[in-house]
Amino acid sequence: MSDQATQALIGRTFTGLDALGADPAARARALRDASLAVRAEARWRHPAYWAAFTLVGAP
């Protein structure tokens, strides 16, 4: 089940990146929006499914 949560989180993050652009604030918003969407599902509400993901490096 955690693989499905990871797939949803990363997929939504990259979809957000495509929609929002590449500036650092947009990158952070894309990950935040994806995390909120994953957390909204009861089966993935626990932080173990979404909390470990962070942005690293320059855009």
Side-chain angles (χ1 to χ4, degrees):
M1 177 141 57
S2 64
D3 290 343
Q4 293 172 340
T6 300
Q7 181 180 8
L9 180 69
I10 298 303
R12 289 176 177 166
T13 299
F14 277 93
T15 298
L17 288 174
D18 289 342
L20 296 172
D23 71 273
R27 294 172 65 226
R29 269 194 315 276
L31 179 59
R32 178 184 178 274
D33 292 348
S35 295
L36 290 173
V38 168
R39 286 173 27 186
E41 295 194 34
R43 62 186 172 160
W44 297 330
R45 199 165 283 149
H46 192 278
Y49 292 110
W50 49 265
F53 294 88
T54 187
L55 297 172
V56 177

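Bear in mind the structure is a predicted one, so any value in this text is a computation, not a measurement. Positions are given from 1 along the sequence. Computed over heavy atoms, backbone and side chain alike; hydrogens, waters and symmetry mates excluded.
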### Query
What are the two closest non-hydrogen atoms of A30 and T13, and how far apart are they?
CB-O, 3.6 Å
### Message
Using the rule that Ile, Leu, Val, Met, Phe, Trp and Tyr join whenever any side-chain heavy atoms are under 4.5 Å apart, tell me whether L9 and L36 fall into a single cluster.
### Response
no
### Task
For Q7, look at atom CD and say whether over 12 heavy atoms of other residues, nucleotides or ligands are found less than 6.0 Å away.
no
### Query
Where is the tightest heavy-atom contact between A34 and R12, given as atom of each residue plus distance?
CB-CB, 3.6 Å
### Query
So which heavy atom on W50 is nearest to which on W44, and how close?
CD1-O, 3.4 Å
### Task
Measure the shortest side-chain to side-chain distance between I10 and F53 over non-hydrogen atoms and say whether it is less than 4.5 angstrom.
yes
### Task
For residues R27 and V56, report the shortest heavy-atom separation together with the two atoms involved.
NH2-O, 4.1 Å
